[in-house]
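Before any comments, here is the structure.
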Amino acid sequence: MKPTEITLHPADNVRLANLCGALDENIRQIEAAFDVTIARRGDRFTIHGEAPQTHTAARALRHFYDQSEAPLSVDDIQLSLIELSNQVAAAGPAPVLLTRKSELHGRTPRQVEYIRMVQEHDITFGVGPAGTGKTYLAVASAVDAFEREHVERIVLTRPAVEAGERLGFLPGDLAQKVDPYLRPLYDALYDLMGFDRVTKLFERGCIEIAPLAFMRGRTLSRAFIILDEAQNTSPEQMKMFLTRIGIGSRAVITGDLTQIDLPRGQKSGLAEAVQVLADVRGVGFTHFLKEDVVRHPLVARIVAAYESHGQRSQQQQATQQ
């Protein structure tokens, strides 16, 4: 396979150093993202690999060189690599979310679609593997709706289902026991609104985070409600949650059907809801794929490897039967 060769102009040693990063760390990230090998001599780069990948890697090098007047952070590199890999091409301008992170936007076509679904539907399901931004973009959409005064409060919930460890064995009272399950939601809020503002909104009751069991018997009006880790709900819990939604409210349900921690034989409420509500008007669905993973490039490959392993296992079982 003939390598792709490029020369970056104008020649600038400072920008080349920023592009490559300490010990060529940024180059290694580009290699991992596109499965190529990159050799450099001065401002000349030689890229070895499959033709489509080497061309994309060359485009990435030019893109980062244009941005390299200042040092590039790990986040700058990884998020831009996601966009370059997916080449987001949305119909019309991408939705803008009003948070303290002005650059926040969908990095892949399905992320852009997901944000639109949330804005256009009263109930939206975001289903797919870890790292695709399901929860983070849902929280960002909730912050956006709150800042624009479309809702009066944000309610975040998830089922307290153990992934190998019993709640009863954890120290502390109930609030302390469930706190680890809700920590990702706290982290997203702090990132999008700032610690001090989130703390004040908690004190005023404008933000509430609670285990799913606490939702029973309530009706939530003028609220943006997020049910995270919904694959670990039972069908009864899912129905209970969906019927809590009141006037002027919007709900987002997120989950990964490959990471169900329910007891063996118990059906997932998320899996059932995706089937039951598929044709219900006013309910939106976004199904994320491994290509939408917005984390370290290896995460997407790990997801793909597990998918392939699962498919092989199913084929072997079918053959044996």
Donor on one side chain, acceptor on other, Y136 and D191, under 3.5 Å
yes

Could you tell me how the ring of F125 sits relative to the ring of F285: parallel (under 30°), tilted (30 to 60°) or perpendicular (over 60°)?
parallel

Work out which heavy atom in T157 is nearest to a heavy atom in A210; give both atom names and the distance.
OG1-O, 2.7 Å

Look up atom CG in L61 and atom CD1 in I6, then write down how far apart they are to the nearest 0.5 Å.
4.5 Å

I260 CD1 to T233 OG1 distance, which is reported to the nearest 0.5 Å:
9.0 Å

If you measure from CZ on R110 to CG on L289, what distance do you get to the nearest 0.5 Å?
4.0 Å

Give the intermediate values and the outcome of salt bridge (charged side-chain N to carboxylate O under 4.0 Å, His left out) for residues E31 and R28.
CA-CA 5 Å; E31 288 180 325; R28 302 288 85 81; 2.6 Å; yes

Determine yes or no for a side-chain-to-main-chain donor-acceptor pair under 3.5 angstrom, with S80 supplying the side chain and I77 the backbone.
no

Are M240 and L212 close enough that some pair of their side-chain heavy atoms sits under 4.5 Å apart?
yes

Please report the closest heavy-atom contact between V252 and A138, naming both atoms and the distance.
CG1-CB, 3.8 Å

D43 side chain to T7 side chain, donor-acceptor N/O pair below 3.5 angstrom
no

Output yes when K239 and E236 qualify as a salt bridge under the 4.0 Å nitrogen-oxygen rule, no when they do not.
no

Test F146 against every option in T99, L201, L98, I207 by the side chain to side chain contact (heavy atoms under 4.5 Å, CB included) rule and name the one that passes.
L201

Row check, Y65 ring normal vs R62 NZ/CZ: under 6.0 Å, within 45°:
no

Quick check: closest heavy atoms across G128 and K134, and the distance to 0.1 Å?
O-NZ, 3.1 Å

Answer yes if the side chains of E229 and Q231 hold a donor-acceptor pair under 3.5 Å, and no otherwise.
yes

Is there a side-chain contact between I209 and L189, using heavy atoms and a 4.5 Å cut-off?
yes

